[in-house]
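Please read the structure below before turning to the comments.
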Amino acid sequence: MYEHNSIGSYDTPQKCAEELIDFLLLSEHARAQGLDTLPSFREQLKAYQDSCDLLALLPPPLLQQAEVKTEPMVSLSLILLKTPQRASSHLLKQTEVEMDSIYQALQSGLTFQEAVANYSFYKQQLLLKRSQMSNELISAIENMEPGNYSHPFWEPQGMCIVKLHQNDVREVVYDDKKIDSLIDIRLQSLKEMFRYQCNESAKDELLRTKTTNSPLFKIAEKEYTLPDFQRFANHFPMAIQHQWDAFVKWTLVNHFYDNLHQSLDYRMNEQIKADSLLVAAYNKQQNCLLPTDEELITYFEAHKKQYAWQEKRFKGIVLQAADKKLLKSVRKWLKKMPYEEWQDALRMVINKDEIRVLSVQQLFSKGDNPCVDEKIFKQGKAVVNSQFPYVELLGEQLKKPEDVNMVKDSVLRDYMRAKRADLMNNLRSSSTIELNQDVLKTVN
């Protein structure tokens, strides 16, 4: 199992063994919860088994002859702010302002993955055929290098920013007719492998009279008789010669699979795959079961010291405009409002008919925004937008988080880790675990 384990890379067999124990305990816990009965799990495991069977029966050089590549697809991620088809001009303006803020945040250090998770209609990476993509989306990625993302643009579903992961992705599928003909090529070697012996007189009698009392053939000393043939033929109405050929072929292939499935390597690989799918299904389930706000607050209050900042942060907003007087008046106007209402006020009043003031509002640390770095942290010189050259900041410096929301991502991550650690401790304490140290010492 150490050799087959692909959970991670470890310095010592001991560390890998401990991680493997947790992995196996978690897969058994997932089984106890019935995750092995989920249709998605069974479909994935069946697809894996079918793939292993086919690769064992038809070696890769032979199997390649049956490969059919799908039409090229594109792997991408979208930050999509979806809008109704008949959206009001006010909603369209709001969407533009929101997307502009997201785009600025990306340029200031927000990762694309975080932006997708926090703002996008689509939360997962997409694999699309070009026929599934709008003309606007195709144009946006036309000359884009993998790893880059676009400027905001409108497309039929709304406003979006696209990041290209990979172009010209092709999935390999197999032509069933070619597979069938390739198995025919393998039949002779299967007959030799399993010492196939045909009773020619019984075969002739069967083809002539459709019945016989003699054994039809042997495979690895196992005899196949008329009832075996009839059970098969009942499901395949065709000329009896074709039924005979198909029966021999089906019997040899199934004998091959029976032997394969009894091998230690096959059973071990199947078990590892099943465990991996169960752990993945359990993790996916737990990721959807997020804690309540009350649970996060309780965890934050109990571990507040570990979230203290080494350097001050700036809780505020960066405002940019082409009109210096307007900008100063907007800053003065926002100062009278609660922090939580600043973006709504800008959207509904200042930028109602056109974008007059750009804004980025968040909790800033050094390196997040060049304007904050220059004016608050006294580092560097910001290069500002030439169309909105005047900059004003509004907010306050903080020595530590005021509440859980300021460090929510970190608290959530730590909460989920602590929850997993508690689960693993409970599983270990309720299980009998024996680690053979003598055997472990022999592992290189």
Side-chain angles (χ1 to χ4, degrees), residues 79 81 90-112 114-120 151-152 159 161 307 309-411:
I79 303 171
L81 303 183
H90 176 69
L91 177 58
L92 296 178
K93 286 292 181 184
Q94 283 184 318
T95 304
E96 287 180 349
V97 172
E98 184 177 356
M99 185 60 87
D100 188 75
S101 296
I102 294 171
Y103 185 72
Q104 285 195 44
L106 287 172
Q107 293 181 305
S108 299
L110 178 70
T111 68
F112 205 89
E114 289 172 334
V116 169
N118 293 330
Y119 305 109
S120 182
H151 291 281
M159 197 171 200
I161 301 172
Y307 299 106
W309 297 320
Q310 293 183 347
E311 296 179 324
K312 290 182 180 181
R313 307 289 173 93
F314 176 68
K315 175 189 174 185
I317 189 169
V318 179
L319 303 168
Q320 293 179 256
D323 187 326
K324 188 174 182 180
K325 289 185 178 179
L326 169 67
L327 191 61
K328 288 188 175 295
S329 63
V330 167
R331 183 186 184 282
K332 188 175 180 180
W333 175 61
L334 290 178
K335 196 172 183 180
K336 299 174 183 178
M337 298 181 187
Y339 176 86
E340 294 76 15
E341 297 178 10
W342 289 352
Q343 287 292 351
D344 286 339
L346 288 169
R347 247 193 316 266
M348 297 171 67
V349 180
I350 305 301
N351 295 321
K352 182 179 179 180
D353 298 317
E354 61 176 321
I355 300 175
R356 302 163 68 195
V357 176
L358 298 180
S359 65
V360 180
Q361 182 178 347
Q362 65 183 65
L363 183 67
F364 298 93
S365 56
K366 286 181 182 178
D368 285 349
N369 185 285
C371 296
V372 175
D373 287 347
E374 177 188 347
K375 295 179 178 294
I376 302 298
F377 300 128
K378 310 303 180 186
Q379 291 185 345
K381 182 71 176 176
V383 178
V384 298
N385 189 325
S386 59
Q387 295 182 332
F388 300 86
Y390 299 105
V391 180
E392 288 282 350
L393 274 64
L394 177 61
E396 60 179 328
Q397 289 195 65
L398 300 175
K399 295 180 179 179
K400 59 183 180 180
E402 292 179 327
D403 55 49
V404 68
N405 291 320
M406 289 189 168
V407 284
K408 192 169 185 177
D409 289 344
S410 297
V411 175

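Values reported hereafter were calculated over all heavy atoms of this structure, with side chains retained and with hydrogens, waters and symmetry mates removed. Remember, predicted model here, so these are calculated numbers, not experimental data.
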Quiz item: Are F112 and I161 close enough, and set up right, to give a side-chain contact (heavy atoms from CB on, under 4.5 Å), and what steps lead you there?
Solution: CA-CA 10 Å; F112 205 89; I161 301 172; 3.8 Å; yes

Quiz item: Between E96 and M159, which heavy-atom pair has the shortest distance, and what is it?
Solution: CA-SD, 3.7 Å

Self-check item: side-chain contact (heavy atoms from CB on, under 4.5 Å) between Y103 and M99, worked out
Solution: CA-CA 6 Å; Y103 185 72; M99 185 60 87; 5.5 Å; no

Quiz item: When you measure from the side chain of D373 to the backbone N and O of K366, does any donor-acceptor pair fall under 3.5 Å?
Solution: no

Quiz prompt | Over 12 foreign heavy atoms within 6.0 Å of CE, M337 | solution = yes

Quiz item: How long is the gap from CG on L334 to OG on S329, to the nearest 0.5 Å?
Solution: 9.5 Å

Quiz item: For E311 and S365, does a side-chain donor sit closer than 3.5 Å to a side-chain acceptor?
Solution: no

Quiz item: Counting N and O atoms only, with roles assigned by atom type, does the side chain of N351 sit under 3.5 Å from a partner on the main chain of V357, one being a donor and the other an acceptor?
Solution: yes

Self-check item: Closest non-hydrogen atom pair between K375 and K378, with its separation
Solution: O-NZ, 2.9 Å

Exercise. Could you note down all residue pairs passing side chain to side chain donor-acceptor pair (under 3.5 Å) where residues 316-327 supplies at least one of them, sequence neighbours left out?
Key: none

Self-check item: From CA spacing to verdict: side-chain contact (heavy atoms from CB on, under 4.5 Å), I102, N118
Solution: CA-CA 10 Å; I102 294 171; N118 293 330; over 6 Å; no

Practice problem: Kindly check if the number of other-residue, nucleotide or ligand heavy atoms within 6.0 Å of NZ (K408) is above 12? | Solution: no

Quiz item: Taking atom OH of Y119 as the centre, does the number of heavy atoms from other residues, nucleotides or ligands within less than 6.0 Å exceed 12?
Solution: no

Practice problem: Return each pair, listed once, that meets ring pair (Phe, Tyr, Trp, His ring centres under 6.0 Å) where at least one residue sits in residues 322-360; pairs must be two or more places apart or across chains. | Solution: Y339-W342

Quiz item: So how far is it from I350 CD1 to L327 CG, rounded to the nearest 0.5 Å?
Solution: 10.0 Å

Practice problem: Could you tell me whether the side chain of D100 reaches within less than 4.5 Å of the side chain of Q104, counting heavy atoms only? | Solution: yes

Quiz item: So do L346 and V330 actually touch side chain to side chain, heavy atoms under 4.5 Å?
Solution: yes

Quiz item: Does the side chain of P370 come within less than 4.5 Å of V383's, by heavy atoms?
Solution: no

Self-check item: Considering all heavy atoms, the nearest L319-S359 contact
Solution: CD2-CB, 4.0 Å

Quiz item: What is the distance from atom NZ of K335 to atom CD1 of I317, rounded to the nearest 0.5 Å?
Solution: 14.5 Å

Practice problem: Indicate the atoms forming the closest heavy-atom contact of F364 with V360, along with that distance. | Solution: CZ-O, 3.5 Å

When the side chains of residues 385-399 are checked against the rest of the protein, which donor-acceptor pairs come out under 3.5 Å, sequence neighbours left out?
| from | atom 1 | to | atom 2 | distance (Å) |
| --- | --- | --- | --- | --- |
| N385 | OD1 | Q387 | N | 2.9 |
| E392 | OE2 | K328 | NZ | 3.0 |

Quiz item: Just how far is it from atom CG of D368 to atom CD1 of I376, taken to the nearest 0.5 Å?
Solution: 13.0 Å

Exercise. Identify the two heavy atoms, one from F377 and one from K312, that lie closest to each other, and give their separation to 0.1 Å.
Key: CE2-O, 3.6 Å

Quiz item: Under 3.5 Å, is there a donor-acceptor pair between the side chain of E114 and the main chain of T111?
Solution: yes

Practice problem: Give the minimum heavy-atom separation between M406 and P401, together with the two atoms involved. | Solution: SD-CA, 3.9 Å

